[in-house]
Amino acid sequence: MLVLPDLHAAKDPEPLSDLVLHLARHDHIRLVVEVRTGCHEASSLMELGPAVMDLDDGQWTDSARKAAWSDVAPGSSTVEGDDAPPGEWAGDLNDVAAVCTSDPWQISRRYEQSEEAHGGLRPAWLRAGASLTRDQVAADRALTLLAALGDEADPRLPEQLSSLASGAAWRLVWRRVRGDIRPPWPGPARALAAGHTALEGSLLVADHRGTVRVIDARDGASQGRLPSFIDGACSVTVCPDGTVLVLDGHGRLHTQRTASGPRPTGIRALLDDGPSPLERLVEVANNLLRDHPATAAASSESLLALADGHGSVRAYALEGDQEWHRTVQLHTGGVSALAVLELPTADGSDRVPLIYSGGIDGHVRVWQPGADPLDTPVAVRECPVTALDAVHATESGPVLAIAWADGLVEYVILDTGQVHAFRPGPPVQAVALHHDGLLVVGTDETLVCLQPT
C-alpha cells in the first residue's frame, strides 16, 4: 500500500503522476493518491478508473469540528508576509499560549513550512507532533511540548510551558532530549531499569548500541556506564546485591556490575573467587533457553523471570537455598515485556511475587509462580505491548506502567484502578517506575521523568 498525499503540491508532480500510472498496472500494489480537484494530475489519474472519495462532499465533514476550526482560523486570516492561502492560521509561532491553544494541524503546517527554530518550539513540536495533534486540552498539549523541549531552547520557555501545563494530569520532573549537553542526553532508550538497594537512586538506560548508562534518577545527571557493551540489549534489570542483568539481542543474559556497586572485600573476596549463586543461575537459565531464546527479563528480591517468543514465562528462585523454576504459557505469540512486583502479606511477615507480562497479542497478564494464572488479562488493547514495569509506591501502593506500540503509556494504580495516560509523541521503547511514584518514559528521541498530579 503506497500513499501519496498532496500530489498536486509536489515541486514536479508530472513524473510522480507517471509513476502512479506505471505502479497501478501491478496487482499486488494498492495506491491512495490525494490530489486537488481540477488540476492536470487529477485528469490524468482519472483515466485509471479509480475509486474516488470526494472530500468536498458533505458526508465527509464533521460540522461541529469545522465550526470550531473556523472560529480560530477565519477565512480572512493571512500569515506574516501575506503569503499563506485563505484560512491559514495567522498567529505568532513564538507565542507559547497561542501555539498550545490554536488548531494543532495549522500549527504543524506552519512549523513544517518555517525554517526558524522559534526559540526551540519548532523542533520540540515536530519531535512530538503525533501526540500534539490529538484532541486535548491546552494544559496537556503544553506538558507534551515541554517534555520534548531541548536544552538549546529559549530559557524562558520551560517556565512558560510549565505554567500553561499546571492543570495537566502530570508534572514534569526532568527531561533529556536528543542533542542535549547539559547534562548529556543518554542516547536512545531501548531498555530502562530503576535501581534499588545497592543502586538506590540510580536509573539504568540501555541504548541501541548496547551501552548501558547509569544516571541519577532525581535529575538525569550522568553517573557513568557499565563496563561492557551488550549487543542489542533489550532488557535491563537490577538484582538486590547490585548486579545488573542485561538481556542481549540473541536472547542470552549477561551479568554486569557498576563501578559504584558493592563488591566483596577482605577474606571473603579471596575465598569467594568462583561464580556467585546468581551467575550460576544465569548459566542454568541460558542453557534452558538455548532452544527458545529469551525476549524479555525482569527480577525482584526473590525471583528472576524470563520470557520467550512462544508466549511462555519462566520464573527462577533467586534467594535462599531454593533452586526451583516454573514455566507457564500466558500469551499467543511472543512475550515482549516483563515486570516483577513483590507485595507484602497482610501480616507483613512475607512477600508475594507477581509476574506481569505483556505480549504482541495486546494482552497484559499477571501470574503468581506456584498458582494458576488468572483467566482475565489485566489489560487488553488491539496493539502490542512494548514495555512494562511495576513497583510498590510509597504513597499510592502497587503501580503498573504499560507502554503500547501506538505510543500510549498507561500508569495504573492497581488498588483503585485509576489510570493516568501519557503520549510523548515518538514510539515508546521503555518505561521504569521508582518507589516514590515517578514514571520514566524512554523513546529514541527523549527520556522523560513524570509524576502524576
Side-chain angles (χ1 to χ4, degrees), residues 68 71-72 89 91-108 110-111 117-177 180 182 216-220 393-396 399 401 403 407-413 416-426 428 431-443 445-453:
D71 290 340
V72 297
W89 184 73
D92 183 2
L93 292 176
N94 298 301
D95 185 338
V96 175
V99 165
C100 291
T101 55
S102 301
D103 177 38
W105 294 102
Q106 293 278 5
I107 302 295
S108 293
R110 289 284 311 284
Y111 276 140
H118 298 284
L121 285 174
R122 178 179 180 270
W125 184 282
L126 297 181
R127 183 178 290 119
S131 177
L132 293 168
T133 51
R134 296 181 302 108
D135 287 335
Q136 58 191 309
V137 298
D140 290 341
R141 186 168 288 128
L143 176 79
T144 304
L145 192 57
L146 175 61
L149 198 67
D151 68 1
E152 84 288 351
D154 186 320
R156 296 170 294 182
L157 288 180
E159 183 177 352
Q160 294 172 1
L161 286 169
S162 296
S163 177
L164 288 170
S166 59
W170 299 94
R171 179 182 70 85
L172 182 71
V173 180
W174 54 262
R175 70 191 186 281
R176 295 292 170 264
V177 174
D180 281 0
R182 302 186 304 272
D216 193 322
R218 296 168 298 181
D219 58 10
T394 304
E395 296 184 0
S396 58
V399 177
L408 172 67
V409 178
E410 293 182 311
Y411 180 99
V412 185
I413 301 176
T416 63
Q418 184 180 6
V419 179
H420 296 267
F422 178 67
R423 289 181 182 267
V428 178
V431 293
L433 289 166
H434 198 261
H435 64 76
D436 56 5
L438 297 181
L439 168 70
V440 182
V441 179
T443 75
E445 298 287 328
T446 59
L447 187 64
V448 182
C449 182
L450 302 163
Q451 183 176 42
T453 56

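The chain is numbered in sequence order, starting from 1.
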Side chain proximity check, [X] to [Y], heavy atoms < 4.5 angstrom:
| X | Y | answer |
| --- | --- | --- |
| Tyr411 | Leu433 | yes |
| Ile107 | Trp105 | no |
| Glu152 | Pro123 | yes |
| Trp174 | Leu447 | yes |
| Val96 | Val99 | no |
| Asp140 | Trp170 | no |

Where is the tightest heavy-atom contact between [X] and [Y], given as atom of each residue plus distance?
| X | Y | result |
| --- | --- | --- |
| Val419 | Glu410 | CG1-CB, 4.0 Å |
| Leu121 | Leu145 | CD2-CD2, 3.7 Å |
| Arg110 | Gly91 | NH1-O, 3.6 Å |
| Pro424 | Thr144 | O-CG2, 4.0 Å |
| Ala153 | Gly120 | CB-CA, 4.0 Å |
| Val177 | Ala147 | CG2-O, 4.0 Å |

At what distance, to the nearest 0.5 angstrom, does [atom1] of [X] lie from [atom2] of [Y]?
| X | Y | atom1 | atom2 | result |
| --- | --- | --- | --- | --- |
| Cys449 | Arg218 | SG | CZ | 12.0 Å |
| Asp216 | Asp219 | CG | CG | 4.5 Å |
| His118 | Asn94 | NE2 | CG | 6.0 Å |
| Arg127 | Leu132 | CZ | CG | 11.5 Å |

Between Ser108 and Trp125, does any side-chain donor sit less than 3.5 Å from a side-chain acceptor?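 Yes, side-chain donor-acceptor contact under 3.5 Å.
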
Any donor and acceptor pair, going by atom type alone, linking the side chain of [X] with main-chain N or O of [Y] inside 3.5 Å?
| X | Y | value |
| --- | --- | --- |
| Arg141 | Thr133 | no |
| Asp180 | Gly150 | no |
| Arg423 | Val409 | no |
| Thr446 | Val448 | no |
| Arg122 | Tyr111 | yes |
| Arg171 | Pro452 | no |
| Asp95 | Ala97 | yes |

Leu439 vs Gln451, side-chain contact (heavy atoms from CB on, under 4.5 Å): CA-CA, chis, key distance, verdict: CA-CA 6 Å; Leu439 168 70; Gln451 183 176 42; over 6 Å; no

Side-chain donor-acceptor pairs under 3.5 Å in residues 157-169, sequence neighbours left out?
| from | atom 1 | to | atom 2 | distance (Å) |
| --- | --- | --- | --- | --- |
| Ser162 | OG | Pro158 | O | 2.7 |
| Ser166 | OG | Ser163 | O | 3.0 |

For Leu450 and Leu172, what are the C-alpha separation, side-chain angles and deciding distance, and is it a side-chain contact (heavy atoms from CB on, under 4.5 Å)? CA-CA 5 Å; Leu450 302 163; Leu172 182 71; 3.8 Å; yes

